[in-house]
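To start, the structure under review is shown below, and the notes come after it.
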Amino acid sequence: MSGTAAEYSNPDLLRVLLVEDNQSDAELTLHALRNGGGFNVSAEVTQTAEEFTHQVQTNRYDIVLADYNLPQWTGMDALRVLRSQDLDIPMILVTGSLGEERAVECLKQGATDYVLKDRLTRLPASVRRALEETRLRQEHAESEKELARKVEELARSNADLEQFAYVASHDLQEPLRMVASYTQLLAKRYKGRLDADADQFIAYAVDGANRMQSLIRDLLTYSRVNRAEKAMIETSSETALERALVNLQGAIKDSGAVVSHGPLPMVAADPSQLVQLFQNLVSNAIKYRGAEVPRIRISAAEGSKGESVFSVADNGLGIAPQYFEKIFLMFQRLHGREEFPGTGIGLTISKKIVERHGGRIWVESEPGKGSVFHFTLSPKREK
Ligand code: ADP
């Protein structure tokens, strides 16, 4: 907490600025606070707008107590001065009779309370409440500021990380291409011409280089999701799915997968990212299949807020509930490389794409029975 009234105020001392032209009224007010309320009061009395402005500019006050009717100005003018100086000091009207309507109007304009001069015993409680409200308000404003600062910091460190991932994966591609192509060349030219150990070492090197290429390619795809400049446009999700299926036709044919879909809506999306999203989910549905022929069904329904909820359902291996969150994290895989090839980035990319579109992605599954991946997209542009 910094710069708040709570920090600067001496808890034993109540610094009061009185706006009052009647000396004995001023004394009665202070008496009510000191004797009736037990406050240790330090007070200044002002009578004109100029004096008041000067005082609030040069001193710190915990509270302003203002008479409503002064010869040249009213207590409400004092409130305007506080506002124009951007000062969060509570103000209570301490006044002679004030009609109901006028009282309501003053409270509406920002006076914290009003106390009638013939009811000054009420004043201490009113002051305490005003101080407490101000303290809470300032604490709230302070924590909001802190939160906004943290969000900004997080966004910046995320952007830095993304930039790093992008540059690293982008710049690693070229040297890696060299390593991969020369190890492949070695394998081609010298297989069987050196000893058995050498053949095996070269095979390991080729395999390592290939895996690294897949990792770097996927990392680059990941770090490009938020770099895409493309605006969200009205996009047919059905066309996007069909494009994804064309890209996957080799895997579909090899596995004999049966892919079907219901009517799919128009959504606000970056079309190429939507293709990629379907492609990731359908290719996983094919890859993590069980003994049966893969059956994959894509459908969409309307959610409670008008969003489209898509489902990609398969009859594959399924996922145990304890992994429902984990599989969306970078490099997290439930299967060994020998069993199923992969980098563990596909679902991380899918999540990032969905979140860039303002949606959510999650999975429902039962091991041995298949999985359903759901994600939401908005029908209209969010931003
Ligand atoms: P990858 O497929 O490269 O391993 P993903 O991020 O796409 O990476 O998936 C992470 C893990 O989630 C996979 O390794 C797999 O264990 C599990 N998984 C993803 N999709 C499915 C699915 N449809 N059925 C069963 N398991 C899945």
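Order of listing sets the numbers, starting from 1, for every ligand and every atom in it.
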Taking 4.0 angstrom as the limit and counting only heavy atoms of [X], give me the atoms of ligand 1 inside it, by number and element.
X    : answer
L334 : 14 (O), 16 (O)
K287 : 1 (P), 2 (O), 3 (O)
I345 : 6 (O), 8 (O)
G342 : 3 (O)

Heavy-atom closest pair, residues [X] and [Y]:
X    : Y    : value
P90  : T112 : CB-OG1, 3.6 Å
D113 : S126 : OD2-OG, 2.7 Å
I233 : P271 : CD1-CG, 3.8 Å

State whether a side-chain donor-acceptor pair under 3.5 Å links S42 with R15.
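S42 vs R15: no donor-acceptor pair found between side chains.
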Give a yes-or-no answer on whether the side chains of E44 and Y61 include a donor-acceptor pair shorter than 3.5 Å.
yes
How does Y323 reach ligand 1, if at all, at less than 4.0 Å between non-hydrogen atoms: by side chain, backbone, both, or neither?
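The answer is neither.
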Please classify the Q332 to ligand 1 contact at 4.0 Å (heavy-atom distances, strictly less than): side chain, backbone, both or neither.
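The answer is the backbone of Q332.
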What about [X]: any of its N or O atoms under 3.5 Å from an N or O on ligand 1?
X    : result
T348 : no
G318 : no
P341 : no
G344 : yes
H335 : yes
G346 : yes

Return the closest protein heavy atom for [atom] as residue, atom name and distance.
atom                    : result
atom 23 (N) of ligand 1 : D314 OD2, 2.9 Å
atom 5 (P) of ligand 1  : L347 N, 3.5 Å
atom 14 (O) of ligand 1 : Y288 OH, 3.2 Å
atom 17 (C) of ligand 1 : I327 CG2, 4.0 Å
atom 7 (O) of ligand 1  : N284 ND2, 2.8 Å
atom 26 (N) of ligand 1 : I319 CG1, 3.4 Å
atom 4 (O) of ligand 1  : R333 NE, 2.5 Å

Which of parallel (below 30°), tilted (30 to 60°) and perpendicular (above 60°) describes Y288 and F340?
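Tilted, since the angle between the ring planes falls between 30° and 60°.
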Parallel, tilted or perpendicular: which fits the ring planes of F375 and F310, with parallel below 30° and perpendicular above 60°?
parallel
Hey, are the side chains of [X] and [Y] touching, using non-hydrogen atoms and a 4.5 Å cut-off?
X    : Y    : answer
L65  : L33  : yes
F164 : S223 : no
M91  : Q109 : no

Could you please spell out the steps behind the side chain to side chain donor-acceptor pair (under 3.5 Å) verdict for Q23 and E27?
CA-CA 6 Å; Q23 186 63 28; E27 270 161 26; 3.3 Å; yes
After noting the C-alpha distance and the side-chain angles of Q163 and R227, does the key distance pass the side chain to side chain donor-acceptor pair (under 3.5 Å) rule?
CA-CA 9 Å; Q163 175 69 7; R227 299 175 80 87; 3.1 Å; yes
